[in-house]
Protein chains: 2
Amino acid sequence: MEIMGLKSSCKNCPYKTLVFDALDNEELDFIDNSRKEILYKRGEVIAEEGNLIKEFLYLKTGLLKVYRKGRGNKNQIIRIAGASDFVSLLSMFSNEKYKYSLSALEDTVVCVVDAEKIKNLVKTNGEFALDVIGRMSYTYDEIIDSTYRIRQKQLRGRIAHILLYFSKTVYKKKRFELPLSRREIAELINMTTENVIRILSEFRKDKIIQIEKKTIIIIDKGRLEKINKTG
Amino acid sequence: MEIMGLKSSCKNCPYKTLVFDALDNEELDFIDNSRKEILYKRGEVIAEEGNLIKEFLYLKTGLLKVYRKGRGNKNQIIRIAGASDFVSLLSMFSNEKYKYSLSALEDTVVCVVDAEKIKNLVKTNGEFALDVIGRMSYTYDEIIDSTYRIRQKQLRGRIAHILLYFSKTVYKKKRFELPLSRREIAELINMTTENVIRILSEFRKDKIIQIEKKTIIIIDKGRLEKINKTG
DNA sequence: TATTAGATATGATAATTATCATAACATTGA
DNA sequence: TCAATGTTATGATAATTATCATATCTAATA
């Protein structure tokens, strides 16, 4: 973890999202002047379940996992967040403490703003409030959608689902570095690490994917999509 | 379904929640004067996945299920909502259409208000906005919590979980009428109807519960809690 | 009231998944 | 550089869960 010197401002941030459009320059300055940027390296914990939420976190670049403690020292990964994500949004309006932990999957830059400032803006700027609430709701709905989809699938279907997710949604490439270990994949789609490994090997033997250390190449996307649908 | 004559008003509604405290009398009247109350009988559909959200729904009394279409004609029940619940809150700020269906599990009275009016109040009343967003976030977090808890349990643990949920959270009694069929329980905790039936029978034979048609009586709460924790 | 569809119930069997064991390999830190 | 630790890998086996078959009971309806 490393606090970065600020060269940029919110006003002309290329990772700014639509949600900030509701804020005028004065309001953006209000955020900007207490803003910090922090760089986290792969594996570093950004926020921890149970800790007080003092700050609003915006994921400028990188990738992180949102997870919670499950039974018997097993974590459960709730979602993966990428650039421009309001990663601390879940539970900051309903809870004093983080309900989920955050940790970096790749080198990640997070913008940090005093949480009270954001709450203030929600209170005083109705347009911004609607945008924030919309974004929050959308994120939650996505979690529910993927959780309930995965829940109905068998193991092969789950692995296919997650491979397609990384390929199509996260990296938009057929070849990508898996940002999760086999164990983390297991924590994300609710199966054992051994079975994740086994089924990935199976897909490799069946020439559906190619595996080179952490790199995955999707060879037969059609078959993967079929397995995702029916498996 | 039956539209009821209005004898009550929001101002002195006994089912009003804290969230409405942020509204003054004028704002409550603003809601009240287009408000309808509708009575739904067990089994009736209140809102359907995919339909346009035109109205904000407040569950005054009764019980309903929130569910979505899963694979192969199987529904997936996301949550159960009781009195004073903002049942249409999920997805009304992120979506034009209902992402989830609602149907009555008991005779249920729903207050119906134009959705635009509520959005307007969120926009103009910052305190109300914070309350609504807090309530929404809380509801979503509850869904995630129970979904991820259930997901780690085996079948016996799931059944124990759901029996304790109805006994402790919904009815606050050891004896209650199950508002769900075996099939619906299966849809809620992700297992087959046969196994729901089988395990309920097993619990009956083990004298953990007593079953009389739709009535459940919890005899050995301690054992049920242990199964919930470890099963 | 008779009929039909759906809910509850139970058993046998098959399919799926987890667990346990073991090994090779990679990575990290002393 | 060498332990030590964690990750990936694979096989054998046990445990869990779903599926299929069948029967009874219940509730709705013509």
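So that the names make sense, note that chain A is the first sequence line, chain B the second, and so on, each numbered from 1. All values below come from the heavy atoms of this structure, side chains included, with hydrogens, waters and symmetry mates left out. Treat the numbers as computed from the prediction; the structure is a model and nothing was measured.
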field: Ring centre gap for A:Tyr100 and A:Tyr67 strictly below 6.0 Å
entry: no
statement: Picking from D:dA18, D:dT10, C:dA18, the nucleotide nearest the side-chain atoms of A:Asn195 would be C:dA18
field: Listed nucleotide nearest any side-chain atom of A:Lys205, set C:dG11, D:dT10, D:dT8
entry: D:dT10
- request: Would you mind reading off the distance between A:Gln154 atom CD and D:dT19 atom C1', rounded to a whole angstrom?
  value: 12 Å
N/O donor-acceptor pair, side chain B:Arg158 with base D:dT17, under 3.5 angstrom: no
- prompt: Separation of A:Leu178 atom CG from C:dA26 atom C1', in whole Å?
  reply: 17 Å
query: Which part of the nucleic acid, if any, lies within contact of B:Ile197, taking any heavy atom under 4.0 Å across all strands shown: a base, the sugar-phosphate backbone alone, or nothing?
result: base
- request: Return the 5'-most residue of the pair A:Met191, A:Lys213 with respect to DNA chain C, ranking by each residue's nearest nucleotide.
  value: A:Met191
query: Hey, are A:Ser137 and B:Tyr140 close enough side-chain-wise for a donor-acceptor pair under 3.5 Å?
result: yes
message: Counting the atoms with a prime plus P, OP1 and OP2 as sugar-phosphate, which does B:Arg204 contact under 4.0 Å by heavy atoms, base, sugar-phosphate, or nothing?
response: sugar-phosphate
message: How many whole angstroms separate atom CD of B:Glu194 from atom C1' of D:dT16?
response: 15 Å
field: Nucleotide D:dT17, atom C1' - distance to CG of B:Asn190 in whole Å
entry: 11 Å
- prompt: How many Å lie between CD on A:Glu187 and P on C:dA18, as a whole number?
  reply: 14 Å
- prompt: Does A:Arg156 put a side-chain nitrogen or oxygen below 4.0 Å from OP1 or OP2 of C:dA15?
  reply: no
- prompt: Nearest to the side chain of B:Ser201, which nucleotide is it out of C:dA9, D:dT8, D:dA12?
  reply: C:dA9
query: Tell me, do A:Phe86 and A:Met136 make a side-chain contact under 4.5 Å, heavy atoms counted?
result: no
Atom NZ of B:Lys229: over 12 foreign heavy atoms under 6.0 Å: no
